[in-house]
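Structure record follows, encoded as structure tokens.
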There are 2 protein chains.
Amino acid sequence: MKIGDLSRLTGTRVETIRFYEKEGLIPAPSRTGGNYRVYDQAHLNRLSFIRRSRDLGFTLDQVRALLDLSDDRLRSCGAVDELAREQLRSVERKIEDLQALQRELASLLNQCSQGTIAECRIIEALAPG
Amino acid sequence: MKIGDLSRLTGTRVETIRFYEKEGLIPAPSRTGGNYRVYDQAHLNRLSFIRRSRDLGFTLDQVRALLDLSDDRLRSCGAVDELAREQLRSVERKIEDLQALQRELASLLNQCSQGTIAECRIIEALAPG
DNA sequence: ATGCACCCTGAAGCCACTATAGGGTCAAGC
DNA sequence: GCTTGACCCTATAGTGGCTTCAGGGTGCAT
Ligand SMILES: [Zn+2]
Ligand SMILES: [Zn+2]
Ligand SMILES: [Zn+2]
Ligand SMILES: [Zn+2]
């Protein structure tokens, strides 16, 4: 597999794959005579794991930790679950913050009666008073 | 007012105030003999406006636009409202994405029965198969 | 004179990529 | 055998919105 194949199979940009390699998330693959990267199934599996973790919102440092943990098949999964619980809490906090924003913006938009800037409730809410 | 006073009054870090100046969001203030920045009420008002806009989730480019619009007191506030509506839509999209994440993480955590890594539902969900 | 809180500049670092410049490789078609 | 075009390579810089750091200077009290 060349890098473009891996890209298509995982929905990851070519540049991102090279970036993951530089960051040590994916082992450097072997090369062809023309200096092209050649990947195998293990690379594909690892990149898929990384992408799914990123899709769940884990940071690259958390992904590194998850990759390490996933190798240790016989250990208890407590650490994995703790990472996931932490991520869930962080997502829930972000949702709450955004919902507060949503309420405030919606309320301002609702109050504005399409007049001039001088009477605009949104500008009024931003300006100090 | 010195920069530290402005910082305390607005809850903005000193470095952030200097950053806003460099970005052209706040006009460069006059200086004392010892080269300290001196701010007045107009600076305080402008920084407050910026911070409230940021708290509502507007980007610095949007803040720039809002500041420009807010000067033009007699114009219709249509452009302001459109920025706010756009921001509301963006917030709502983010909430939906995060709620999907929340459901997925919660479901995985719920399925995991605290065994070994080999049986962990979370690792299983990440690994390709 | 010394300490200490505060201020200054300029540059680099953070995250997770993305983009750009300036090239090289390889198979197909003429 | 030469060109075209899709693909690949490296190295570097840019994104947003700051934060941190290095290496100083200022100003007031003791
Ligand atoms: Zn990094
Ligand atoms: Zn309005
Ligand atoms: Zn588990
Ligand atoms: Zn920037």
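Remember, predicted model here, so these are calculated numbers, not experimental data. Just the heavy atoms: all of them, side chains too, but no hydrogens, waters or symmetry mates, feed the values below.
When only modelled atom types and interatomic distance are considered, A:R46 and A:Y20 share no side-chain donor-acceptor pair under 3.5 Å.
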Exercise. Classify every nucleotide of nucleotides 20-30 of chain D by which part a protein heavy atom approaches to under 4.0 Å, writing B for the base, S for the sugar-phosphate alone and - for neither, in 5'-to-3' order.
Key: B----BBS---

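Using a 4.0 Å heavy-atom distance criterion, B:Y20 is classed as a sugar-phosphate-only contact. Note on B:R8: nothing from the nucleic acid sits closer than 4.0 angstrom, heavy atoms only. In this structure, A:R51 reaches the sugar-phosphate backbone alone: every heavy-atom distance under 4.0 Å involves primed, P, OP1 or OP2 atoms, never a base.
Rounded to whole angstrom, the span from the CD atom of A:E23 across to the P atom of C:dT18 amounts to 14 Å. Counting to the nearest Å, the C1' atom of D:dT10 and the CD1 atom of A:I17 are 16 Å from each other. Following rounding to the nearest Å, B:Y39 (OH) and C:dC7 (P) show an atom-to-atom distance of 10 Å. Protein atom CZ of B:F19 is 14 Å distant from nucleotide atom C1' of C:dA12, rounded to whole Å. Summarising the geometry, the separation between CZ on B:F58 and P on D:dC18 is reported as 15 Å, rounded to the nearest angstrom. With rounding to whole Å, A:R31 atom CZ is found 8 Å from D:dC9 atom C1'. The CG-C1' distance, from A:D5 to D:dA6, rounds to 13 Å in whole Å. At whole-Å resolution of the value, CG in B:D61 and C1' in D:dG14 are 15 Å apart.
Formation of a donor-acceptor pair under 3.5 Å by the B:T116 side chain with backbone atoms of A:S76 is not found in this model. Judged by distance alone, with hydrogens and angles left aside, the side-chain atoms of B:D61 form no donor-acceptor pair with the main-chain N or O of B:R64 at under 3.5 Å.
Within the structure, a side-chain polar atom (N or O) of B:R37 is placed less than 4.0 Å from OP1 or OP2 of C:dC8. OP1 and OP2 of D:dG16 both lie 4.0 Å or more from every side-chain N or O belonging to B:T59.
Taking CZ from B:R121 and CG from B:L126, the interatomic distance works out to 10.0 Å, rounded to the nearest 0.5 Å.
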Quiz prompt | Working for salt bridge (charged side-chain N to carboxylate O under 4.0 Å, His left out), residues A:E96 and A:R93 | solution = CA-CA 5 Å; A:E96 278 165 32; A:R93 250 179 282 122; over 6 Å; no

Exercise. Before giving the answer on salt bridge (charged side-chain N to carboxylate O under 4.0 Å, His left out), spell out for B:E82 and B:R89 the whole-Å C-alpha distance, their side-chain angles and the decisive distance to 0.1 Å.
Key: CA-CA 10 Å; B:E82 183 45 38; B:R89 278 193 298 271; 3.2 Å; yes

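Taking a 6.0 Å sphere around CZ of B:R75, one finds it holds 12 or fewer heavy atoms contributed by other residues, nucleotides or ligands.
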